[in-house]
Amino acid sequence: MPERPDRNLAVEIVRVTEAAAMSAARWQGRGDKESGDQAAVDAMRQVLDTVTMDGTIVIGEGEKDRAPMLFNGERVGSGESPQVDLAVDPVDGTRLLAEGRPGSLAVLAAAPAGTLFDPGPCVYMEKLVVGREAADVVDLDRPLTENLDAVARALGRDVRDLTVVMLDRDRHEEAKAAVRRSGARLSLITDGDVAAAVLAAWDQRPQVDVLYGIGGTPEGVTAACAVKALDGQILGRLWARDDAESARAREAGYDLSAQLTVDDLVRGDESFFACTGITPGQLLRGVTFDGGGAVTDSLVMRARSGTVRSIRARHRLSKLREYASIAY
């Protein structure tokens, strides 16, 4: 049996996302994706090592966009119990950060060792995310229009009242057309589908009802930890970019036709999620700087209790610089 953490790690790992967000925010709008991501990675790695845990990065970022990364298999934390798997996204929305656009986040999720889904060679997956009231009515094997009708019925609303968020990609032209045929409203985003997934799953934030589309598998597994804490549903299906990737996945034992649920992506109920806004967006305010330091806006979630905390913190950067080497 996986070892169960006996404390709310989300409350501790939010320090990690705060540090990453403050470091990355210095690169807002400067047109340099790699430097912003590197700043977040460096800050995240340094603060991770102060957390009392024996952590292993199992969902890292960087392969698909050649960005700096916390690599898969990297050991972090103090080395003491509990043993946990970590899914990291130092900057969800690197282009948003580089261009000074809304919605970039620093994100970290944790779960007992062995409980997070390993996507193997598959960098992308088809995803459908809904909130608690529609969690049992969606199915990736049904047409998107039928799923939207089912969600509308579950919410007691007209399908025209639904808002569907989707990454604006050429691969989604058919899906965009399906949403428009259904009569639902469509909200297109350039990047940042972790924040969109949280919004879709969280009934306290009614801006988004459904997330659909093909996006990053690391982001999908990471978001699943938040979706589970919110009692929502995320359905996923691995999506190979080409025949070579498909062959590698099949050789590794993956069924590319299988539909994965939130319980496949993160097993058990002892998972944690933390995120901090870098640039301001629908989910969180971004980092602001003034003469006294910086202010951050974060969310922390624990699946076991279903607790969601909003944390607004003021950081005295002059004091932090006295003992931390992070470039705030």
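The figures that follow rest on heavy atoms only: side chains count, while hydrogens, waters and symmetry mates do not. Residue numbers run from 1 in the order of the sequence given.
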(request) State, without any angle test, whether R15 and T50 hold a side-chain donor-acceptor pair at a distance under 3.5 Å. (result) yes

(request) State yes or no: do L211 and L230 share one hydrophobic cluster built from I, L, V, M, F, W and Y residues joined by side-chain heavy-atom distances below 4.5 Å, directly or via other members? (result) yes

(message) Given E18, which partner from the list T276, V47, I13 fulfils the side chain to side chain contact (heavy atoms under 4.5 Å, CB included) test?
(response) T276

(request) Please tell me if the side chains of L48 and M53 come closer than 4.5 Å, counting only heavy atoms from C-beta onward. (result) yes

(message) Ignoring hydrogens, what is the shortest heavy-atom contact between A40 and V91? Give both atom names and the distance.
(response) CB-CG2, 3.5 Å

(request) Establish whether V107 and V300 are linked, either directly or via other cluster members, by ILVMFWY side-chain heavy-atom contacts under 4.5 Å. (result) no

(request) Decide side-chain contact (heavy atoms from CB on, under 4.5 Å) for R237 and D141; before the verdict, give the C-alpha distance in whole Å, the side-chain angles of both, and the deciding distance to 0.1 Å. (result) CA-CA 10 Å; R237 181 180 285 124; D141 292 328; 2.4 Å; yes

(request) For the pair D290 and R314, find out whether any cationic side-chain nitrogen is under 4.0 Å from an anionic carboxylate oxygen. (result) yes

(request) May I ask you to check whether over 12 heavy atoms, not counting those of R160, lie within 6.0 Å of atom CZ? (result) no

(request) Using a strict cut-off of less than 4.0 Å between a Lys/Arg side-chain nitrogen and an Asp/Glu carboxylate oxygen, indicate whether K176 and D168 qualify as a salt bridge. (result) yes

(message) Is the shortest side-chain heavy-atom distance between I59 and V88 below 4.5 Å?
(response) no

(request) Go through V179 and L148 one step at a time and tell me if the side-chain contact (heavy atoms from CB on, under 4.5 Å) criterion holds. (result) CA-CA 8 Å; V179 174; L148 295 180; 4.3 Å; yes

(request) State whether E219 and K127 are salt-bridged, where the test is any N-O pair (Lys NZ or Arg NE/NH1/NH2 against Asp/Glu carboxylate O) under 4.0 Å. (result) no

(message) Using a 3.5 Å distance criterion without hydrogens, assess whether the side chain of T279 forms a donor-acceptor pair with backbone atoms of R101.
(response) yes

(message) Using only atom types and a distance under 3.5 Å, with no angle test, would you say the side chain of R157 pairs donor to acceptor with the backbone of D161?
(response) yes

(request) Decide whether I311 and L9 are clustered together by the hydrophobic rule: side chain heavy atoms of Ile, Leu, Val, Met, Phe, Trp, Tyr closer than 4.5 Å, transitively. (result) no

(message) Measuring from atom OH of Y254 to atom SG of C122, what distance do you get when rounded to the nearest 0.5 angstrom?
(response) 7.5 Å

(request) Would you please name every residue forming a salt bridge (Lys or Arg N to Asp or Glu O under 4.0 Å) with R285, sequence neighbours left out? (result) D297

(message) Any heavy-atom pair between the side chains of T307 and M301 that's under 4.5 Å?
(response) no

(request) Check each of I234, L265, I214 against M125 using the side chain to side chain contact (heavy atoms under 4.5 Å, CB included) test, and report the only one that passes. (result) L265

(request) Report the C-alpha separation of Q282 and L199 in whole Å, then their side-chain angles, then the decisive distance to 0.1 Å, and conclude whether the side-chain contact (heavy atoms from CB on, under 4.5 Å) test is met. (result) CA-CA 8 Å; Q282 283 185 292; L199 285 168; 3.8 Å; yes

(message) How long is the straight-line distance from CD of Q28 back to OG of S104, given to the nearest 0.5 Å?
(response) 7.0 Å

(message) Quick one, L97 and K33 - any side-chain contact, counting heavy atoms below 4.5 Å?
(response) no

(message) Quick one: does any side-chain atom of N147 pair with a main-chain N or O of D139 as donor and acceptor, under 3.5 Å?
(response) yes

(message) Ignoring hydrogens, what is the shortest heavy-atom contact between K228 and S271? Give both atom names and the distance.
(response) CD-OG, 4.1 Å

(message) Are M44 and L96 connected into the same hydrophobic cluster when the rule is that any two of I, L, V, M, F, W, Y join if their side-chain heavy atoms are below 4.5 Å apart?
(response) no

(message) Assess, by modelled atom type and distance only, whether the side chains of Q38 and D42 contain a donor and an acceptor separated by less than 3.5 Å.
(response) yes

(message) Looking at every non-hydrogen atom in both residues, tell me the closest pair between D191 and G93 and how far apart they are.
(response) CB-CA, 4.2 Å

(request) Check whether any side-chain heavy atom of V137 sits under 4.5 Å from a side-chain heavy atom of R153, and report yes or no. (result) no

(request) Measure the spacing between SG of C225 and CG of L116 and express it to the nearest 0.5 Å. (result) 5.0 Å

(message) Under 4.0 Å between a side-chain nitrogen and a carboxylate oxygen: does that hold for D203 and R132?
(response) yes

(request) Just jot down the side chain to side chain donor-acceptor pair (under 3.5 Å) partners of D136, sequence neighbours excluded, or say none. (result) none

(message) Grouping I, L, V, M, F, W and Y whenever their side-chain heavy atoms are under 4.5 Å apart, do V194 and L235 come out in a common cluster?
(response) no

(message) For the CD atom on E174, are there more than 12 heavy atoms of other groups (residues, nucleotides or ligands in this structure) within a distance under 6.0 Å?
(response) no

(request) Work out which heavy atom in L167 is nearest to a heavy atom in G215; give both atom names and the distance. (result) CD1-CA, 4.1 Å

(request) Give the ring-plane orientation class for H172 versus Y212, where under 30° counts as parallel, over 60° as perpendicular and anything between as tilted. (result) tilted

(request) Nearest 0.5 Å please: distance from the CG atom of D92 over to the CG atom of D37. (result) 10.5 Å

(request) Report yes if the side chains of L108 and F273 come closer than 4.5 Å at any heavy-atom pair, otherwise no. (result) no

(message) So, taking the atom named CD in E74 and the one named CG in L86, what distance separates them when rounded to the nearest 0.5 Å?
(response) 10.0 Å

(message) Does any part of the side chain of R45, heavy atoms only, come nearer than 4.5 Å to the side chain of L70, both counted from C-beta?
(response) yes

(message) Donor-acceptor pair, distance only, cut-off 3.5 Å: does the side chain of D242 make one with the backbone of E245?
(response) yes

(request) To the nearest 0.5 angstrom, please state how far the CG atom of L317 sits from the CE atom of M22. (result) 6.0 Å

(message) Quick one about T261 and D264 (side-chain donor to acceptor, distance below 3.5 Å, no hydrogens or angles considered), yes or no?
(response) yes

(message) Would the distance check show the side chain of Q233 and the main-chain N or O of V262 forming a donor-acceptor pair, the cut-off being under 3.5 Å?
(response) yes

(request) Output yes when a side-chain donor or acceptor of D49 lies under 3.5 Å from a complementary backbone atom of G77, and no otherwise. (result) yes

(request) Taking all heavy atoms of A10 and all of F272, pick out the closest pair and write down the distance. (result) N-CD2, 3.5 Å

(request) Mind running side-chain contact (heavy atoms from CB on, under 4.5 Å) on V165 and I189 for me, showing each step along the way? (result) CA-CA 7 Å; V165 66; I189 57 175; 3.8 Å; yes

(message) Just checking R171: does its CZ atom have more than 12 heavy atoms from other residues, nucleotides or ligands closer to it than 6.0 angstrom?
(response) yes

(request) Return yes if a side-chain donor-acceptor contact under 3.5 Å exists between T163 and R185, otherwise no. (result) yes

(request) Taking the side chain as every heavy atom from C-beta outward, state whether F117 and L238 have any atom pair closer than 4.5 Å. (result) yes

(request) May I ask you to list the residues sharing a hydrophobic cluster with V295, side-chain cutoff 4.5 Å, ordered by chain and number? (result) none

(message) Quick check: closest heavy atoms across T17 and A106, and the distance to 0.1 Å?
(response) O-CB, 3.5 Å

